[in-house]
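So the structure is just underneath, and the comments pick up after that.
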Amino acid sequence: MWGLLLLCLTLTLYLLPLLPALHEWRTKRDAGPLRILQSHEGDVSHFARSFRAFVKRELEALSSHRETIEPAESYCIIADDGIFRPTAQESLSHTTRRIVITDNPLKVPAHFTFAREIYSRKTVWGKEGNLFRAVLAEGDLFIGSNSVLLRWAHARKVHVAPGCRILGRLSAEGQILLSLGCTFTRLHAPWVEFIPEGFLLPDEEADAPGPVAEPGSMFKPPNSSADDTGRWVVQGNLEFPRGILWLGDIVVHGNVIIHHGAEIRGNVKSHGNLQVKPQVSITGSLISNKGIVIDRGCSVGGPVVADLQVDINADTVIGSVKQPTTVTAPVIRVASKVLVHGTVSAREQGVVLGSL
Amino acid sequence: MLTAYLFTFLLLLIVLSVGAYTVRHYYFTINRLFGVQKHSYLDIDTADWPTVTVLIPAHNEEAVIADCLAALLNVNYPAEKLTIVPVNDRSTDRTKQIIDDFTDKNPLMIMPLHRFIGKSGKAAVLKEGTGLVTSDIIIVFDADYLPARGLIKQLIAPFFDPEVGATMGRVVPHNVGSNLLTRFLDFERSGGYQVDQQARMNLGMVPQYGGTVGGIRVSALESIGGWRDDVFAEDTDLTYRLLLKNWKTIYLNHAECYEEVPESWPIRIRQIVRWARGHNQACYHHFWKLVGTRGLSASEKFDGLALLGVYMLPLVLILGWLLILTLLYFYATPLINLSLALFSLVAFSALGNFAAFFEIAVASYLDGSRERIRLLPFACFGFLVSVFSISRATLNQMIFDRFTKSELRWEKTVRYRQSNTLGQ
């Protein structure tokens with residue numbers, strides 16, 4: 001009898017910590033598969049498309065007096081003159097919590113906060129010190145100086161004045177012009193230009209002479225070997241001499257310096273830092289496990305990817321209209337007069353500087 | 001007494017090996033919690049994309065192949081750069097007809113291959129399918145997989161890096177709630193991908209190509225001699241052959257795709273036995289080559305060797321248990337007692353406290369799952385089944401396979417899903 005009781009007690013003590021497990025096994029409260037968004041495609045203008053469809057549905061419902069998803073008082077439909085007129089309370093707080101919609105060019109007052117989305121079938125003219133949550137303009141979008149964009153904006157063409165903080169995604173059908181002192185995270189357009197302001201300081205170090213390729217000689221990287229695919233693998237650091245033409249892919253286990261005027265027809269990967277001196281042309285990608293510095297007047301055809309930081313100096317072109325590409329790193333610093341065709345994605349922060 | 005010291009020495013070696021794997025589990029898990037996460041290629045969404053062929057080996061897949069093809073036709077990869085090659089390997093059901101119907105409707109994108117002769121097995125199918133490929137990259141999907149719209153671009157983006165030979169996405173069990181086994185397997189997959197693979201990626205180690213939901217650079221594949229159809233696990237074998245030629249495998253935690261996991265224990269045991277045999281075979285082929293290869297970092301070598309030996313560990317653990325019992329009951333000296341205490345501690349850390357279970361718990365946490373973690377204590381049972389199945393397979397392989405040269409067969413995976421049960 002006592003033995004049986006001891007056994008039962010022991011079993012109970014053993015099973016006690018398993019009770020939550022037994023409960024979850026029987027009730028299956030969390031037995032669904034991990035959610036994967038089958039429609040997810042990482043498109044930068046995804047929010048703009050969704051919002052456009054949302055506005056269309058809501059406007060149709062409003063005009064036919066059907067029930068809208070948002071209450072009708074959440075909307076601010078702007079009249080023909082396209083001027084946003086805040087209510088007395090909004091004027092006092094310099095903030096509107098309504099969704100602003102207009103068929104016409106929209107002008108917004110300076111130092112005003114738009115806590116909800118803005119939609120215009122034409123151009124949106126921002127002024128100094130605005131704070132936008134999200135903007136969709138079927139025409140152009142002008143973001144005034146020292147303004148902030150919190151979530152996303154999409155337009156045909158976007159002009160961003162100096163000193164703005166673009167915290168969300170910014171995309172355009174045609175062109176994005178980003179001025180000096182702006183910070184950004186993700187930009188996407190066929191033409192992303194960092195426009196000039198102020199003076200570009202000459203970079204003396206960039207013009208320092210590097211080794212020169214001997215005319216007619218074949219350049220063979222030291223401590224290297226080529227594999228069956230024609231790809232070179234280099235143990236240690238590598239310097240490409242000035243003016244060299246290199247054909248093929250190369251993987252370097254150390255730092256890489258590509259000197260002035262070199263032409264690389266292929267992809268370059270560095271386990272260390274990758275430095276590209278002025279007037280270098282690379283048809284493929286630049287990948288680094290650390291940082292990449294691209295100096296003045298270079299061109300890169302493929303993606304530029306670094307695990308730490310990418311610096312791009314003035315007059316450099318990344319990608320082309322026919323072959324847009326991506327620049328991505330946690331931190332991206334871009335000088336004015338840089339042109340990127342495609343996407344610029346700074347996971348932590350991007351900034352536009354006068355010169356690097 | 002000499003025997004006792006010999007046993008003790010052996011036990012200490014086992015303590016060292018099991019201890020090393022325990023530390024490795026903790027290291028990976030802590031890295032996932034607090035380390036810098038490496039997602040270098042995540043944001044490449046605009047590029048001049050290379051040409052891609054998607055190979056889908058299919059043997060009697062009438063229940064699932066249509067969903068897979070429909071999902072692939074819906075991806076956002078440039079259509080002119082994408083070719084889908086379903087490889088029908090002697091199916092006796094409606095697989096051929098379904099593939100041909102899709103081909104009639106999409107003749108420019110789908111180029112089917114129907115096999116009626118030749119060697120069986122997934123590697124043989126891939127070998128023949130690859131012979132038709134003219135693209136830069138191959139992606140392999142199992143027939144029951146349902147790629148999301150952006151998955152192909154995600155899997156291809158790392159190939160702009162000239163060092164990358166293969167990429168691997170994350171497979172997510174779809175039939176989690178079917179029974180206790182599927183829930184264990186959900187844990188296992190979660191720990192394996194969310195923690196193990198991503199930590200290896202973060203630490204510059206050796207993420208593993210898993211044979212499906214992954215891409216391979218064709219030139220890299222050719223440079224290592226193509227697919228091998230004489231190995232049990234062509235995916236593990238490929239990972240190491242690429243590594244030995246300085247090609248990296250990249251794991252992409254965000255490139256997720258649903259799969260079905262076994263719902264019955266016999267199928268599960270067959271699966272794990274095949275993995276064990278394949279892994280051990282890769283260990284036999286590549287262990288010393290990996291030790292002697294130049295150009296790999298110390299962490300790559302260490303992790304690569306540890307990964308090769310991972311299916312030996314259950315046998316080592318059982319040997320440790322047997323030794324400890326022998327020493328406990330037949331010998332007793334202070335040194336032996338110390339080694340017993342050490343083994344107990346390490347065995348507890350490996351099984352009881354749970355380096356592996358800690359990893360699973362953290363994976364669930366990272367996945368945002370909350371309630372399912374309560375099932376974790378039950379995972380011990382699944383762990384024990386694996387330990388004994390793998391040990392048996394390893395013993396068989398070490399002793400009996402030398403005498404009986406059994407031919408490789410394609411173990412057809414049982415499908416539980418009915419056609420069109422998963423919407424896009």
Side-chain angles (χ1 to χ4, degrees), chain A residues 17-18 20-25 27-44 186 188 225 227-231 233 235 248-251 253 266-269 271 284-285 287 289 301-303 305-307 319-320 322-326 328-329 341-343 345 347, chain B residues 36 38-48 71 74-76 146-150 153-154 157 160-164 172-178 180 182-183 186 190 204 217 219-220 222-223 245-246 256-258 294-295 297 367-378 422-424:
Chain A
L18 296 180
L22 284 167
H23 184 247
E24 173 56 25
W25 180 26
T27 56
K28 292 187 177 179
R29 284 185 303 171
D30 189 10
L34 192 70
R35 189 153 181 256
I36 300 175
L37 276 177
Q38 289 295 101
S39 58
H40 173 73
E41 53 182 309
D43 182 5
V44 73
R186 190 161 183 168
H188 174 82
S225 57
D227 64 18
D228 304 341
T229 65
R231 180 190 66 151
V233 178
Q235 312 293 336
D249 295 345
I250 191 157
V251 175
H253 287 191
N267 305 296
V268 182
K269 162 78 179 276
H271 286 200
S285 59
I287 315 273
N289 288 355
V305 182
D307 281 349
S320 65
K322 283 187 177 170
Q323 293 179 343
T325 193
T326 301
T328 174
H341 299 279
T343 300
S345 176
R347 282 193 293 282
Chain B
V36 177
K38 191 172 159 78
H39 301 287
S40 311
Y41 314 97
L42 175 68
D43 292 325
I44 300 179
D45 62 358
T46 311
D48 182 21
N74 190 39
V75 297
N76 68 348
L146 294 163
R149 258 181 75 71
K153 277 189 179 177
Q154 289 169 342
F160 290 105
D161 181 342
E163 196 174 27
V164 174
V172 176
H174 182 262
N175 52 337
V176 182
S178 296
L180 199 56
T182 55
R183 301 195 73 177
D186 176 52
S190 190
R217 191 190 295 271
S219 59
E222 285 167 353
S223 77
K245 288 268 189 177
N246 276 303
E256 298 163 319
C257 192
Y258 283 129
R294 283 181 71 236
S297 67
D367 276 338
S369 308
R370 290 294 176 262
E371 302 299 332
R372 69 185 64 190
I373 203 63
R374 292 165 189 260
L375 270 181
L376 196 60
F378 285 170
L422 289 175
Q424 293 303 296

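To find a chain, count down the sequence lines: A is the first, B the second, and so on, and within it residues start at 1. Computed over heavy atoms, backbone and side chain alike; hydrogens, waters and symmetry mates excluded.
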| Closest heavy-atom pair and its distance - Thr326(A), Asp45(B) |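 In terms of heavy atoms, the two residues are closest at OG1-N, 3.5 Å.
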| field | Val305(A) versus Ser40(B), closest heavy-atom pair with distance | value |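 Closest heavy-atom pair between Val305(A) and Ser40(B): CG1-O, 3.3 Å.
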Specify which of [options] makes the most heavy-atom pairs with chain B at under 4.5 Å.
options	result
Leu34(A), Asp249(A), Asn267(A)	Leu34(A)
Lys28(A), His23(A), Arg231(A)	Arg231(A)
Pro17(A), Ala21(A), Ser285(A)	Ala21(A)

| field | From CZ (Arg374(B)) to CG (Asp30(A)), nearest 0.5 Å | value |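 So the CZ of Arg374(B) and the CG of Asp30(A) are separated by 10.0 Å.
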[X] portion near chain A, given a 4.5 angstrom heavy-atom threshold:
X	answer
Ser178(B)	backbone
Arg372(B)	both
Asp186(B)	neither
Ala157(B)	neither

| Is a donor on one side and an acceptor on the other found under 3.5 Å between the side chain of Arg347(A) and the backbone of Arg186(A)? |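 Checking the backbone N and O of Arg186(A) against the side chain of Arg347(A), no donor-acceptor pair under 3.5 Å is found.
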| request: Check for a donor-acceptor pair, side chain of Ser223(B) on one end and backbone N or O of Asp228(A) on the other, with a separation under 3.5 Å. | output: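 No.
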| Test salt bridge (charged side-chain N to carboxylate O under 4.0 Å, His left out) applied to Asp307(A) - qualifying residues, sequence neighbours left out |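 Salt bridge (charged side-chain N to carboxylate O under 4.0 Å, His left out) check on Asp307(A) returns Lys38(B).
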| request: Give the member of Pro377(B), Ser369(B), Gly295(B) that has the highest number of heavy-atom pairs under 4.5 Å with chain A. | output: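 Max contact count across the listed options: Gly295(B).
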| task | Among the options Ser219(B), Pro162(B), Gly177(B), pick out the one with the most heavy-atom pairs lying under 4.5 Å from chain A. | result |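 Going by pairs under 4.5 Å, I would pick Pro162(B).
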Which region of [X], side chain (C-beta onward) or backbone (N, CA, C, O), has a non-hydrogen atom less than 4.5 Å from a non-hydrogen atom of chain B, or is it both or neither?
X	result
Leu22(A)	both
Glu24(A)	both
Thr328(A)	side chain
Pro20(A)	both

| field | N-O pairing of Asp48(B) and Lys322(A) below 4.0 Å | value |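 Salt bridge between Asp48(B) and Lys322(A), a charged N being under 4.0 Å from a carboxylate O: no.
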| message | When you compare the side chains of Ser320(A) and His341(A), does any donor N or O come within less than 3.5 Å of an acceptor on the partner? | response |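 Judged by distance alone, the side chains do not pair up.
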| message | Classify the ring geometry of His253(A) against His271(A): parallel below 30°, tilted from 30° to 60°, perpendicular beyond 60°. | response |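 The rings of His253(A) and His271(A) lie parallel, inter-plane angle below 30°.
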